[in-house]
2 protein chains.
Amino acid sequence: MNLSNTAQYAIRVLSYMAVNESVIYTTSEIVSKLNLSDKYLKRLMTNLSKAGLISSIQGRYGGYKFQKSPDTIFLIDIIGSVENFEKYEGCVLGFSMCSDENPCALHHKWEHVQSEISDLFHSVTLSQIQTEPNMKF
Amino acid sequence: MNLSNTAQYAIRVLSYMAVNESVIYTTSEIVSKLNLSDKYLKRLMTNLSKAGLISSIQGRYGGYKFQKSPDTIFLIDIIGSVENFEKYEGCVLGFSMCSDENPCALHHKWEHVQSEISDLFHSVTLSQIQTEPNMKF
DNA sequence: ATCTTATACTACAACCATGTAGTATTTATC
DNA sequence: GATAAATACTACATGGTTGTAGTATAAGAT
């Protein structure tokens, strides 16, 4: 599906935080658990805060916690907060106008798959993501 | 779905050529019909030739024609000839290992959609793409 | 007030996809 | 053989994503 690395990180981080949704997480804990770049994660967390998904607590014993309840955060909210989600919903061949009346070569074949992709991202919330023992973050 | 521009171009060009599969097409004709960059298309055509999908005819009255019959060219062949298709089939969160036993956060939700995407690209050939009067290339 | 430990900001580097420019090569026609 | 019309090749430019480095700022603990 080719989500950007940043979007993948965002989903992984928030999934991890959603396991205990009221805990305050520091970047150093997230970095050690998810094994990703420290500096890059910090920037990402700032962006997720600005997007209103989480809130930051500065200073000693600071960190990040959810600003909205995980059951109100949809995958599209996460992805949309770090990149333009439209690139995943527009015409698969890149046309700005593509419809049943004036379709691209793949329009009819692709229509059904596209709606499944969109439905999933629009309907799945953070709290609906299964947390099972063997799950990786 | 976020195919690369190059992959989108490739599908559009070959869809256009498939309408009259035995005709020799010059880059200038394709450029004028599909309205894309002349130089970039030329490089793309060279790559599609090297990939074995089309063959080039140099010199005067030259151009490009199909090397394989359009009904033997699957979408995955086209995309795979210009970029690494695995990025569309791997784990949606980017893990190199992701399975039912050791899944990522989205694994179970995504599984079904992923198989629909893969099925489509693996099963649809150029000749199966509908050519209707209002279709755009 | 000062120290410590967090996040916030800004600048820069590396890489890849995309696109442009110019030259070289090939081959049918004359 | 010379010309014309096509593809092939090489180098460079641009922009976005990803990642790194260093400094600034905030706020609790003492």
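Residue numbering restarts at 1 for every chain, and letters A, B, ... go by the order of the sequence lines.
Here the closest heavy-atom approach between residue B/Glu101 and residue A/Asn134 is recorded as O-CB, 3.1 Å. Smallest separation of non-hydrogen atoms from B/Ser15 and A/Ala105: OG-CB, 3.7 Å. In terms of heavy atoms, B/Gln128 sits closest to A/Lys109 at O-CE, 3.6 Å.
Nearest-nucleotide positions on DNA chain D for B/Gly62 and A/Ser4 put B/Gly62 closer to the 5' end. Heavy-atom nearest nucleotides on DNA chain D were determined for A/Gln58 and for A/Asn5, and the one closer to the 5' end corresponds to A/Asn5.
Side-chain proximity of B/Tyr64 to the nucleotides C/dA8, D/dA8, C/dG19 is greatest for D/dA8.
By the neighbour-count criterion of 12 heavy atoms within 6.0 Å, atom CD of B/Glu132 is densely surrounded, having more than that number from other residues, nucleotides or ligands. Applying the 6.0 Å contact sphere to CG of A/Asp100 captures more than 12 heavy atoms from other residues, nucleotides or ligands.
If you check residues 76-87 of chain B against DNA chain C, you find no residue with a heavy atom closer than 4.0 Å. Listed in residue order, the members of residues 24-43 of chain B having a heavy atom less than 4.0 Å from DNA chain C are B/Ser37, B/Lys39, B/Tyr40, B/Arg43.
Donor-acceptor pairing under 3.5 Å is recorded for the side chains of B/Thr26 and B/Ser28.
Of the side-chain N and O atoms in A/Tyr9, none sit less than 4.0 angstrom from OP1 or OP2 of D/dT17. For the OP1/OP2 pair of C/dT7 and a distance below 4.0 Å, the side-chain nitrogens and oxygens of A/Thr46 include no atom meeting the criterion. Contact annotation: B/Ser56 side-chain N/O to D/dA6 OP1/OP2 distance is not under 4.0 Å. Here B/Tyr61 does not reach the OP1 or OP2 of D/dT7: none of its side-chain N or O atoms lies under 4.0 Å away.
Between the CG atom of B/Leu3 and the C1' atom of C/dT18 there is a distance of 16 Å, rounded to whole Å. If you take CZ of A/Arg60 and C1' of D/dT30, they are 8 Å apart, rounded to a whole angstrom. Whole-Å rounding puts the A/Asn47 CG to D/dT18 P distance at 12 Å. Separating the CG atom of A/Leu44 from the P atom of D/dT20 is a distance of 14 Å, rounded to the nearest angstrom. The distance from atom CD1 of A/Ile57 to atom P of C/dT7 is 10 Å, rounded to the nearest whole Å.
Classification of the B/Phe121-A/Trp110 ring pair by plane angle, with boundaries at 30° and 60°, yields tilted.
Distance check: B/Met1 CE to A/Gln114 CD gives 9.5 Å after rounding to the nearest 0.5 Å.
Judged by distance alone, the side chain of B/Asp71 and the main-chain N or O of B/Ser127 form no donor-acceptor pair under 3.5 Å.
Residue contacts shown for A/Ser49 are absent, as no nucleic acid heavy atom lies under 4.0 Å away.
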